[in-house]
*Asks:* 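Quick one: this structure, given as structure tokens, is what I'll be asking you about.
Just so it is clear: chains get the letters A, B, ... in the order the sequence lines come, proteins before strands, and each one is counted from 1. What's counted below: heavy atoms across the whole structure, side chains too, no hydrogens, waters or symmetry copies.
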Amino acid sequence: MSQMNMIQAIRSAHDIMLEKDPSVVAFGQDIGYFGGVFRCTDGLQQKYGEHRVIDAPIAEGGIVATAIGLGINGLRPVVEIQFADYIYPGFDQIVSELSRLRYRSAGDFFAPVTIRTPCGGGIRGGQTHSQSPEGIFTHLSGVKTVMVSNPYDAKGLLISAIESNDPVVFFEPKRIYNGPFDGDPDKPAVSWASHPKGEVPDDYYTVPLGKAEVVEEGEDLTIITYGTIVHVAQAAAKRAGVDAEIIDVRTLMPLDVDTIRDSVNKTGRAMVAHEATRFCGYGAELVATIQKECFWHLEAPISRITGWDTPYPHAFEWQYFPVQKRLADGIRKLMEVA
Amino acid sequence: MSQMNMIQAIRSAHDIMLEKDPSVVAFGQDIGYFGGVFRCTDGLQQKYGEHRVIDAPIAEGGIVATAIGLGINGLRPVVEIQFADYIYPGFDQIVSELSRLRYRSAGDFFAPVTIRTPCGGGIRGGQTHSQSPEGIFTHLSGVKTVMVSNPYDAKGLLISAIESNDPVVFFEPKRIYNGPFDGDPDKPAVSWASHPKGEVPDDYYTVPLGKAEVVEEGEDLTIITYGTIVHVAQAAAKRAGVDAEIIDVRTLMPLDVDTIRDSVNKTGRAMVAHEATRFCGYGAELVATIQKECFWHLEAPISRITGWDTPYPHAFEWQYFPVQKRLADGIRKLMEVA
Amino acid sequence: MTKKPKLHIPQPTARPGEEPDFSYLNLSEAGAVERPATDARAKSIEFLAESLVRVLDDDHVAQGPWKPDLDEDTLIEALRLMVLTRVYDDRMQRVQRQGKISFYMQALGEEAVSIGQGLAFGPEDMLFPAYRNQGLYIMRNTGLVDMMCQCLSNSRDMCKGRQMPIFYQNKENNLFTISGNLATQFPQAVGWAMGAAIKGDDHIAASWLGDGSTAEADFHYALTFASVYHAPVVLNVINNQWAISTFQGVAGGERRSFAARGLGLGIPGIRVDGNDLLAVYAVTRWAVERARSGGGPTLIELVTYRGGAHSTSDDPTRYRPRNEWAAFPLGDPVERLKQHLIKNGSWSEDRHAEMETELKTTVEAAWKEAVSYGTMTEPPFLDVRLAFEDVFEEMPEHLEKQRDKLLRIRGELP
Amino acid sequence: MTKKPKLHIPQPTARPGEEPDFSYLNLSEAGAVERPATDARAKSIEFLAESLVRVLDDDHVAQGPWKPDLDEDTLIEALRLMVLTRVYDDRMQRVQRQGKISFYMQALGEEAVSIGQGLAFGPEDMLFPAYRNQGLYIMRNTGLVDMMCQCLSNSRDMCKGRQMPIFYQNKENNLFTISGNLATQFPQAVGWAMGAAIKGDDHIAASWLGDGSTAEADFHYALTFASVYHAPVVLNVINNQWAISTFQGVAGGERRSFAARGLGLGIPGIRVDGNDLLAVYAVTRWAVERARSGGGPTLIELVTYRGGAHSTSDDPTRYRPRNEWAAFPLGDPVERLKQHLIKNGSWSEDRHAEMETELKTTVEAAWKEAVSYGTMTEPPFLDVRLAFEDVFEEMPEHLEKQRDKLLRIRGELP
Ligand SMILES: Cc1ncc(C[n+]2csc(CCOP(=O)(O)OP(=O)(O)O)c2C)c(N)n1
Ligand SMILES: Cc1ncc(C[n+]2csc(CCOP(=O)(O)OP(=O)(O)O)c2C)c(N)n1
Ligand SMILES: [Mg+2]
Ligand SMILES: [Mg+2]
């Protein structure tokens, strides 16, 4: 066990898999000699060589496409897209090729590509360094989508993703790379040192794809969320003085419906929260699923607390972000519904 | 007034706008000399010249990008993407540029680009000529999204889209280009001639963006849908013998919430139907919106009838498609909920 | 807009009703183009991207330094494979017209591309074909029945009903699955080749796309990554003069050859007579040797003509002269190889006619067998459960539920 | 994997701790490169893509056929604009370090690109700058206070708080809004130029991107569409040797120049000493004249060096030698123009020092004024309602609702 922040945990997952499986290669912009702009692969090229940890040209589409080719040839590429905001040039290769390769070839061809990418705001990155585009990936048939919320899960889920023969799009909220963030921008930053999920085994372990986690048990209402907002929700529930059950979805697709259904059927009230824009965001699917599965148990409309339906504005970052106060208000309101 | 099929109605919209506004240009693969693979621009290059109706290279990203440039320079481009399945290479320019241009420049720059694209299955097109990707466009902030269901709306909405200073992604279900389709694949094809919406004014008129239409009034339940499935829903309700209110959403984003809320509050039961895959599809947003707006009036869980969460399989086209029988079964079940 | 527009709009040399005009094609004499060593410096061989490598002259005699070392049996086999491709195409085109399959695309007039190039690779080299490369599947023993069953989406369909006709695959023989999206496989082939180099293997990759498809981003990605990593890959542009209704000028062919596209990245380009099987083979072999010996990528432009419609959904008489193919100066690849062999004394009109009859019989028999495995409308059908498999390696719960729901609607589950 | 990997991995000539080595740069003597007519055929001027157009020699004397016809006042003004850019950058870099703005990017060492090129366009030519082209905004009278207010996202921010620092725009003076996404504006500029040609206007467009960005699809789209429609556009690659941590070889620069990228599409390429303002101006002027007179697009590669960090988030000492800039053979553009003017007798060290002091004072005064309109942490702030405007031309209902909800949470609405 070591204290790790999320960057170290992700680096450790790479390290273990590069060591364990000679077919694993890391590939992306600035990830080789330099170790990545967020340092997630720092030192790994030096350790495993230039043929295992490879600097790529600035062409997200080309990176995904060649990674598919590597995958077809028996390698297991772990791709970094420098910011989720820059994944779109690779979108066609993900939608039209990576996600449908196994299906269209009746299982003969597949490419076990993992695409890691930092997402989310709260770092004054403005509209092109803050996006959370998970909702357009979860709509695809044939890729799994993950968003992590802490170092322990990040390492365990990343190892699972790399080992999976299905393609995985793996979102890493950059705001919590160095420490959890409780959604109060006025408080000083904290580190992972004081968080139980900052305790990370040094060795190989996995967290399974497709399983949500109940991070707080509670009776009054259920908050279903993922990524940075997991921490915001925990703080907001405390602030609102409500005994909330909080679910970290972790794998967004395929969704662990059972965990969510059981919880909402128990509490009768549900809030869905994420940082991405609201309209047709991932939260819509959560709401649709819950209303279907838990209809007869719901005591109030399911509420959604999300980023607004605008680009992520630089100056209004904390007005855009679903901050602790906004969630706390929402929790109180949801509890007031008679 | 003339009898028009949807192709003729779309062509007429182009014709009128090319005539009326010298800044309108049509741009796309095979749309010039040839008149488009679906013939939507047939004869227009001959009429308006090669500088108004322009054949483009096979590069969807380049088409959208240069259309943005044309738009910034005061032109009003109407782009055709040959199949919605091939829009993804243009996705980055749509998401990162077209949709956010006005916002990021505080209104100084915008590009009034309309992107038309045939979508949907039912023509044995397999996984690469059948997709309905509307749900990934409706999640974007800054583009409007339309899907049409008949010739009258197609012309009126296309003119509105072209005249709009906002970018519009305009989906045309190719299955109903030549006639409405009631979701029974065993029946012979019918033409628009017998359909009231096949009567189309020859002159300029608009159908407003942002307004849904109640295409059938009814008391028992509300079906909220768009595109081809509007016709399937009408037939299915009849088949199920249920007095359904049917709403054609038409403009998917921004959504006409009022029309939907009023209807569901009246009927107490709602079904959402579309051809696209289900998970995180546009229907999820419809369900999420309805459960929020109509919670206290709902007598049964909102049901979703959609394509399955798989690519569109060539051989199993009619097993994938939400056919009339599937909708009728769903309607009956929804009415049975006590 | 009162000023005169001055945007350049590319124009084909002839439209329906006009005389075909191929004067724009820059032709070289057979045998006239020098053959550099396979390790020649890219910069020193740029002329290959502008000239046209040709081996067979107008009298069907093989000429010059590119004349390949192919024995008579191999050439006869190549001829057979070209004819087989054409007979197969013809049959499938007709069954599409009869409504037995939903769609088809011929390679009419382009048969030398797949057969000539296919001969140049080793069996472990990985090929990423485009949709007009059926010849590659045929020559790598895919089996006509299997190919037909794919087009029929029947119970023996290699794609289990998931793809439109013509989207074949053949994993065993290292042929990738064809994509409906243009150009996407081009950079994938580069990635595969990079993988071979990472693993230290000697295998190389190759991919194909059309003149029109070079405008896509994936073409650029392929060239860029191939250049940066010096990947062992052979990249091929089939310039058949037309995309769908747009001639090759709309893809930039008015100004430079497609073979020249990679020069600015240091990738050698070779322009070759795509209807001359000997030249096609020779040029490809050159690129294969170069790639295998560490010389990196080559871009080959195969100059040919799309003899038929774009697909069964297309009507070319709307946009090009009816007799354009007949006027195409590089002729018909089948006829040219046949005449060459006859000239050499290794072949005759009679043997050719005999072979054609035989191949027609073979194809006919294959079709009979293929339909015995079902058609879109006649059983045996594929099990509908297959529609839900292979989305992921293991079926997730939500797909099991959706499958079961469908089965219940169909009355196949209680 | 037991075999030895053989993938080529591009390597910079020097890493931290090693001696800088620019021997890979292919340099020409000042004055040595021929200047063809602006209507020369693309094919006949390919040499321009490989050589390096230079005007100022090592003794700061202007040499050869590219020596431009710029008068003393213009040159002094150009020097002033370059120094102003540098002083502005320096100030902004420091206020970022002090936490007053969230981010910054310098153009240190690349000032001649924006200023030299900017001089070559007409005021109605539309420019699509990249993020290191602040010089273009400065020279087209954007106003330092306005630029600073943008970086501050304050109450006078031209972007109304929506963009990170440095993403300027200036519609009035035909400067497009900068995008955070690399290369996207390149094909947009081509589209704008196509539009000008459609309208029959004489205006042309220009755009800029970095060496690293040439790998993006948009670079290919821009070249392809510019070639196909012969668009009146000047496309510029600023080769400052580095992307972030990857040297220009990772973008394909090991094999051919970036200027050569368009040759395969018939687009002339010119490689120019990007630190020689006279050469930069001359080459750009050539391309402008060519485009305006119907000669179509030109691709210019400006060879320069990124003197500073990639951005305030970067630490270049981790990946390149500390003293690389000092060793760069093309020197410092400001120093070179200054010495040229001194040599000509039109300038002196004293006047230069005076000008620097003056510009520092100007910039200092601008900063004082700018912060009076607020900072991220000090009022006056932008009205939060602005976060919801300009998503669409008119605000749709759902955004009104979201805005009001936020206002209620903030207690600004009941
Ligand atoms: C990404 C994409 N865009 C558009 C299409 C539609 N389409 C299919 S074939 C074709 C023409 C291709 O022309 P070319 O590359 O020259 O190949 P050819 O058919 O001549 O062999 C087009 C536009 C597609 N399949 N994929
Ligand atoms: C599409 C996209 N991918 C990645 C990035 C992240 N990024 C910003 S600048 C940069 C390096 C660009 O290098 P170059 O084009 O050489 O320009 P320079 O910074 O040297 O001027 C990268 C990778 C981005 N902004 N956009
Ligand atoms: Mg073609
Ligand atoms: Mg650079």
Side-chain angles (χ1 to χ4, degrees), chain A residues 22-23 25 29-39 42 45 49-52 54-63 74-75 82-83 85-86 88-90 92 123-130 277-279 306-317 319-320 323 325-326 329-330, chain D residues 1-2 5-7 9-12 15 102-103 152-154 157 159-165 167 179-183 210 212-219 243-246 250-252 310 313-314 318-319 376 381-382 384 386-391 396 398-399 402-403 405-406 408-410:
Chain A
S23 69
V25 290
Q29 294 160 25
D30 300 297
I31 68 143
Y33 185 88
F34 184 54
V37 297
F38 290 105
R39 329 288 321 131
D42 192 25
Q45 185 182 77
E50 296 191 313
H51 292 84
R52 303 286 307 284
I54 309 171
D55 276 319
I58 305 174
E60 293 74 11
I63 292 172
L75 297 174
Q82 202 162 80
F83 286 88
D85 315 61
Y86 305 138
Y88 310 113
D92 184 48
I123 55 138
R124 286 286 182 220
Q127 46 150 18
T128 57
H129 301 85
S130 305
T277 54
R278 174 189 178 98
F279 198 84
T306 68
W308 311 116
D309 285 323
T310 72
Y312 217 115
H314 179 253
F316 306 113
E317 174 152 272
Q319 288 74 48
Y320 176 94
V323 291
K325 177 172 180 344
R326 182 133 75 89
D329 283 4
Chain D
M1 246 160 288
T2 48
K6 50 189 180 184
L7 186 70
I9 307 280
Q11 296 293 349
R15 286 294 193 186
S102 58
F103 177 82
L152 284 159
S153 280
N154 69 13
D157 174 8
C159 300
K160 299 193 181 153
R162 296 182 191 138
Q163 291 247 58
M164 279 173 78
F167 292 101
S179 178
N181 301 66
L182 296 170
S213 304
T214 59
E216 292 284 8
D218 286 314
F219 180 69
I244 298 180
S245 72
T246 53
V250 177
H310 172 70
S313 314
D314 179 42
R318 281 178 170 277
Y319 52 79
M376 298 271 276
F381 296 123
L382 287 163
V384 72
L386 289 170
F388 298 87
E389 282 176 17
D390 297 323
V391 180
H398 71 285
L399 285 180
Q402 294 183 9
R403 179 199 58 200
K405 191 167 202 171
L406 177 63
R408 273 194 299 275
I409 294 174
R410 292 164 61 89

*Asks:* What I'd like to find out is whether the side chain of Phe83(A) reaches to under 4.5 Å of the side chain of Thr128(A), using heavy atoms alone.
*Replies:*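 No; the side chains remain at least 4.5 Å from each other.
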*Asks:* Which answer fits Val384(D), side chain, backbone, both or neither, if we ask what part of it has an atom under 4.5 Å from a heavy atom of chain A?
*Replies:*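 Both parts, backbone and side chain.
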*Asks:* Answer whether the closest heavy-atom distance between the side chains of Thr306(A) and Thr277(A) falls below 4.5 Å.
*Replies:*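 They are not in contact (no side-chain heavy atoms under 4.5 Å apart), so the answer is no.
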*Asks:* Side chain, backbone, both or neither: which part of Arg403(D) has a heavy atom under 4.5 Å from chain A?
*Replies:*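 For Arg403(D), neither part sits under 4.5 Å from chain A.
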*Asks:* Counting only heavy atoms closer than 4.5 Å, note whether Glu60(A) contacts chain D via side chain, backbone, both or neither.
*Replies:*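 Backbone plus side chain of Glu60(A), per the 4.5 Å heavy-atom cut-off to chain D.
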*Asks:* Could you tell me which portion of Tyr319(D) (side chain, backbone, both or neither) has an atom closer than 4.5 angstrom to a non-hydrogen atom of chain A?
*Replies:*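 Both backbone and side chain of Tyr319(D) come within 4.5 Å of chain A.
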*Asks:* Give, as side chain, backbone, both or neither, the part of Asp55(A) having an atom under 4.5 angstrom from any heavy atom of chain D.
*Replies:*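 Asp55(A) touches chain D through backbone and side-chain heavy atoms alike.
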*Asks:* What about Tyr86(A) and His129(A), are their ring centers closer than 6.0 Å?
*Replies:*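 That pair passes the under 6.0 Å test.
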*Asks:* Using heavy-atom distances under 4.5 Å, tell me whether Asp390(D) contacts chain A through its side chain, its backbone, both, or neither.
*Replies:*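 Neither part.
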*Asks:* I'd like to verify something: which residue of Ile244(D), Asp157(D), Leu182(D) has the highest number of heavy-atom pairs under 4.5 Å with chain A?
*Replies:*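 Ranked by heavy-atom pairs under 4.5 Å with chain A, first place is Ile244(D).
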*Asks:* Considering only heavy atoms, which portion of His310(D) lies under 4.5 Å from any heavy atom of chain A: side chain, backbone, both, or neither?
*Replies:*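 His310(D) has no heavy atom closer than 4.5 Å to chain A.
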*Asks:* Hey, do the aromatic rings of Phe316(A) and Phe381(D) have their centres closer than 6.0 Å?
*Replies:*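 For Phe316(A) and Phe381(D), the ring centres are not under 6.0 Å apart.
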*Asks:* Please flag which part of Ile123(A) lies under 4.5 Å from any non-hydrogen atom of chain D: side chain, backbone, both or neither.
*Replies:*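 Answer is neither: Ile123(A) stays 4.5 Å or more from chain D.
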*Asks:* So, do Gln45(A) and Glu50(A) sit near enough that their side-chain heavy atoms are less than 4.5 Å apart?
*Replies:*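 A side-chain contact under 4.5 Å exists here.
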*Asks:* Phe279(A), Tyr88(A), Phe34(A): which one forms the most heavy-atom pairs within less than 4.5 Å of chain D?
*Replies:*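 Counting heavy-atom pairs under 4.5 Å, the top option is Phe34(A).
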*Asks:* Would a 4.5 Å heavy-atom cut-off, applied to side chains only, mark Ile9(D) and Tyr33(A) as touching?
*Replies:*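 Side-chain contact under 4.5 Å: no.
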*Asks:* Please name the pair of heavy atoms, one in Glu389(D) and one in Arg162(D), separated by the smallest distance, quoted to 0.1 Å.
*Replies:*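 Answer, listing the atom of Glu389(D) first, then Arg162(D): O-NH2, 3.1 Å.
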*Asks:* To the closest 0.5 Å, what do you measure between CZ (Phe167(D)) and OG (Ser179(D))?
*Replies:*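 Between Phe167(D) CZ and Ser179(D) OG, I get 7.0 Å after rounding to 0.5 Å.
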*Asks:* Decide yes or no for Phe103(D) and Ser313(D): does some side-chain heavy atom of the first lie under 4.5 Å from some side-chain heavy atom of the second?
*Replies:*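 Result yes, sub-4.5 Å side-chain heavy-atom pair found.
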*Asks:* Nearest heavy-atom pair of Asp30(A) and Ser245(D): which atoms, and what distance?
*Replies:*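 Looks like OD1-OG, 2.6 Å.
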*Asks:* Output the option from Gly61(A), Gly49(A), Gly125(A), Gly62(A) having the highest count of non-hydrogen pairs under 4.5 Å with chain D.
*Replies:*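 Top option by heavy-atom pairs under 4.5 Å: Gly125(A).
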*Asks:* So which of Leu386(D), Ile409(D), Leu406(D) has the biggest tally of heavy-atom pairs under 4.5 Å with chain A?
*Replies:*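 The residue among Leu386(D), Ile409(D), Leu406(D) with the greatest pair count is Leu406(D).
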*Asks:* Identify which part of Tyr312(A) has an atom lying under 4.5 Å from any heavy atom of chain D, answering side chain, backbone, both or neither.
*Replies:*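 The backbone, not the side chain.
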*Asks:* Can you say whether Ala217(D) sits under 4.5 Å from chain A via the side chain, the backbone, both, or neither, judging by heavy atoms?
*Replies:*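 Contact with chain A: none, neither part.
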*Asks:* Taking every non-hydrogen pair under 4.5 Å, which of Pro57(A), Pro311(A), Gly126(A) racks up the most with chain D?
*Replies:*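 Most heavy-atom pairs within the cutoff with chain D belong to Pro57(A).
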*Asks:* In terms of heavy-atom pairs under 4.5 Å with chain D, which of Gln127(A), Arg278(A), His314(A) leads?
*Replies:*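 The candidate making the most pairs under 4.5 Å is His314(A).
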